[in-house]
Visitor: 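First the structure, which I've put down as structure tokens, then a few questions once you've had a look.
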Protein chains: 2
Amino acid sequence: MEERTPRRPKIADVARAAGVSKTAVSFAFNSPDRLAPETASRIRDVADSLGYRPHPVARMLTQRQTLTIGVLTPQALSVIFSNPFFGAFSEGVALAAEQEGYALHFISPLHGSLARAMDHATVDGVVVVGLSADHPEVEQIRAAGVPLVMVDSSALQDLPGVEIDDEGGARAAAEHLVVLGHRDIVIIGVEAPAPTLDLDPGGVMGRRLRGYQAGLAAKGIDLDPSSVVVAPASIEGGLVALHRVWSEGKRPTGVLVMSDAMAIGVLRAARELGLRVPEDLSVVGFDDIDVSQHVNPPLTTVHQPIRRKGESAVRLLLSVVQRRDRDPEQIRLETRLIVRASTGPAPRRRQEVDRVRS
Amino acid sequence: MEERTPRRPKIADVARAAGVSKTAVSFAFNSPDRLAPETASRIRDVADSLGYRPHPVARMLTQRQTLTIGVLTPQALSVIFSNPFFGAFSEGVALAAEQEGYALHFISPLHGSLARAMDHATVDGVVVVGLSADHPEVEQIRAAGVPLVMVDSSALQDLPGVEIDDEGGARAAAEHLVVLGHRDIVIIGVEAPAPTLDLDPGGVMGRRLRGYQAGLAAKGIDLDPSSVVVAPASIEGGLVALHRVWSEGKRPTGVLVMSDAMAIGVLRAARELGLRVPEDLSVVGFDDIDVSQHVNPPLTTVHQPIRRKGESAVRLLLSVVQRRDRDPEQIRLETRLIVRASTGPAPRRRQEVDRVRS
DNA sequence: CCGGTTTGCTAAACCGGTTTTGTAAACCGG
DNA sequence: CCGGTTTACAAAACCGGTTTAGCAAACCGG
């Protein structure tokens, strides 16, 4: 019964069993050339006969690196993973990380506190996504000496970051609707994760909003502030958003949605309201996630290179991690409007739409 | 210029600055009640004036816990994240993990070796997904004393695990097609991550295959082995799979697909081939991911509670992590067929289908 | 065969915390 | 005011590795 709880063997156990010092065991694994070949292999034999594996945490402590990069988000992971956008982004992140031999650690608020979560995160660097650069946590991370790269943040000059041309994309989307004759347009935005920083003008939401407004203004359309509603960035969020718009009595002919996941929800809500898309209602998304071309009808949307965004962020981060002294670099990726079947000419008479819903 | 590389302050620095011992500093953070109140708060003041944060790795080493759980997959993260199924699963995992205050660490083969990846992973437990239980790595993880829960694996009695009724779901899917009059049926399976263990009969793929076969056999249909093709579990994978089937001269009227992501690709391939779904070709998926009801046409599929699967796995894991001495528990979740619009009666004459393609 | 280098290994210090053990001073009942 | 307990903190051991410094034996050219 001495087998009770077979304690994990430590390096000292191996050393004792092999009749050598801890140093020798360490050498056998990390610099075998510093040992006589037969000694090294004997030690290794003993080691794996004992089932020894170096304790990763102890190793991290001495080597001062974790071979892990963190992905930090201000929302709960359970909410961001519900948006396919994040899956695709993670795909890019994972691709670059794996190539360089890094694992991925997702960091989200712990008991409501991002700071607390960061304190427990053992990473060599962090990709911060969707957090405004003046957020206190960001400063804290910098102070802790952890390299970071901002993604989809309000640009801060002295921090490396990756962003896309949100404003240009949004503007193209808005112009597209206007050219089709739409005049009554509603914008569905992404709800801020926390009540604070709600309309951070530098954030993604702010930039897209400016783009939409610019596109509308260019054609002489003035956007009523009440025509901007927000909801969580998910299918469900888009669904309830359009229903809310309708129940408030608004009867737009076109909807600009800041995320494809939400746009898919909008499509569904439209069907539930008895609206045909695009005959009664035109819908434009943002992101161009994989499924957008397969939904019914295929979604007109603003394409952004999601995977490449993730990849770029990681490469940028690792370049900082590996050679600390670098000028902060900003990468900017392009967007472009992709016209599919969810948009069409505005209905002739607004009344038509009303009648449909009766 | 002494500010060059502002070294991260350590506990000894705080102790010195506050004129106390390291012990006192540690107490100030972890058990303030063991210190005079004013001493404790003075130490804390000094600490955060220095910007001190306990080093997470050092803390892990002494406390013997990382507050992190690992999710281990045999495929590269960049490939599994491309399947929305995994996003939803992660959502469930994240939900349960966050509630208990655990972070998430994704582990995938490092330079081709899962073992090497595990060696670098600092986790309190692992959710192993899609790895057969007799895989050598699994034994290695157990040997390392890391608690684990198997998900979607061939059941192994002495390991805790979460699985779904793959066979029943598949059987229902097959019977559904048969009842609709389909006789020429092709099965599109998920490609094994590695060439080894290709048709692991205990794995998900094997179980679903058995279910399909049982469903067909019950109605007197014998499945030709050549009617089973495999491809990667992604939209793209399904797309090429159906094209391959067609180019091999097969003209099924129904397709049973082992994943919704692939099924979406199949829908697209069908459109490219000039086939109407479901008039010319019926398609049944598996998983019931969120978008499946929004694609064109809405996908008939076998529903499985994806999020709940992730949640259950984590809860099971944490119950093991927290009180080691437990009997291995097996959780089994139900599946059910959801009939939407991608399936319909088999076309009357097979020739019709051929003609369409001409 | 002698001084210097190389080989092969070990002892001890270290990474940055936590925890156990120890100790001086304050407190306290009798 | 004296022995015993409590309070408030410090010294040292420890977590499980890596790395530096060091030491004895073997080797080696002259």
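Scope of the values below: all heavy atoms of this structure, side chains included, with no hydrogens, waters or symmetry mates. Order of the sequence lines fixes the chain letters, A, B, ..., with proteins taken first and strands second; residue numbering starts at 1 for each chain.
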Visitor: Specify the residue among A:Val57 and B:Gly19 whose closest nucleotide of DNA chain D lies further upstream toward the 5′ end.
Guide: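 In this pair, the answer is B:Gly19.
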Visitor: Please work out which of the three classes, parallel, tilted or perpendicular, describes the rings of B:Phe89 and B:Phe86, given edges at 30° and 60°.
Guide: tilted
Visitor: Figure out the CZ/P separation between B:Arg59 and D:dG16, and round it to whole Å.
Guide: 18 Å
Visitor: Could you state the CG-P distance from B:Asp33 to D:dC9, rounded to the nearest angstrom?
Guide: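 Atom-to-atom, B:Asp33 to D:dC9, this comes out as 13 Å.
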Visitor: Return the value, rounded to whole Å, for the distance between atom CD of A:Gln63 and atom P of C:dC14.
Guide: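 Interatomic distance, CD of A:Gln63 to P of C:dC14: 19 Å.
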Visitor: Ion pair present between B:Arg307 and B:Glu311, side-chain N to carboxylate O less than 4.0 angstrom?
Guide: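 Answer for the salt bridge query: no.
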Visitor: Nearest 0.5 Å, please: how far is CD1 in B:Ile331 from NZ in B:Lys309?
Guide: 12.0 Å
Visitor: Less than 4.0 angstrom between a side-chain N/O of A:Tyr52 and OP1 or OP2 of D:dG17, yes or no?
Guide: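 Affirmative; the distance criterion is met.
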Visitor: How close or far is atom C1' of D:dG16 from atom NE2 of B:His120, stated in whole angstroms?
Guide: 16 Å
Visitor: Taking the basic N atoms (NZ, or NE/NH1/NH2) and the acidic carboxylate oxygens, is any pair closer than 4.0 Å for A:Asp45 and A:Arg42?
Guide: no
Visitor: Measure from CZ on B:Phe27 to C1' on D:dA8 and round the result to the nearest Å.
Guide: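 The distance from CZ of B:Phe27 to C1' of D:dA8 comes to 10 Å, rounded to the nearest Å.
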Visitor: Mind running a 4.0 Å heavy-atom check of residues 35-51 of chain B against DNA chain C and sending the residues that fall below it, in number order?
Guide: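 Within residues 35-51 of chain B, no residue comes under 4.0 Å of DNA chain C.
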Visitor: Taking N and O atoms by type only, does the side chain of A:Ser26 place a donor or acceptor under 3.5 Å from a partner on the base of D:dT19?
Guide: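 No pair found.
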Visitor: State the pairing partner of D:dG30; accept Watson-Crick or G-U wobble contacts with both distances under 3.5 Å, and report none otherwise.
Guide: C:dC1
Visitor: What does B:Val20 touch in the nucleic acid at a heavy-atom separation under 4.0 angstrom: a base, only the sugar-phosphate, or nothing?
Guide: sugar-phosphate
Visitor: Under 4.0 Å between a Lys/Arg side-chain N and an Asp/Glu carboxylate O for A:Arg59 and B:Asp119?
Guide: no
Visitor: More 5' along DNA chain D: B:Arg64 or B:Ser21, using each one's nearest nucleotide?
Guide: B:Ser21
Visitor: Which of these passes side chain to side chain contact (heavy atoms under 4.5 Å, CB included) with B:Leu72: B:Val126, B:Leu148, B:Val151, B:Val138?
Guide: B:Val126
Visitor: Please report the distance, rounded to the nearest Å, between CZ in A:Arg34 and P in C:dC9.
Guide: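 Checked: the CZ to P distance equals 12 Å.
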Visitor: Any side-chain N or O of B:Thr62 less than 4.0 Å from the OP1 or OP2 oxygen of C:dT18?
Guide: no
Visitor: Base, sugar-phosphate, or nothing: which does A:Phe29 touch, judged by heavy atoms less than 4.0 Å apart?
Guide: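 Here A:Phe29 touches no strand at all.
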Visitor: When you measure only distances, ignoring hydrogens and angles, does the side chain of A:Lys22 come within 3.5 Å of the base of D:dG17 through a donor and an acceptor?
Guide: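 Pair found.
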Visitor: Any chance you could measure B:Leu95, atom CG, to B:Arg308, atom CZ, to the nearest 0.5 Å?
Guide: 13.0 Å
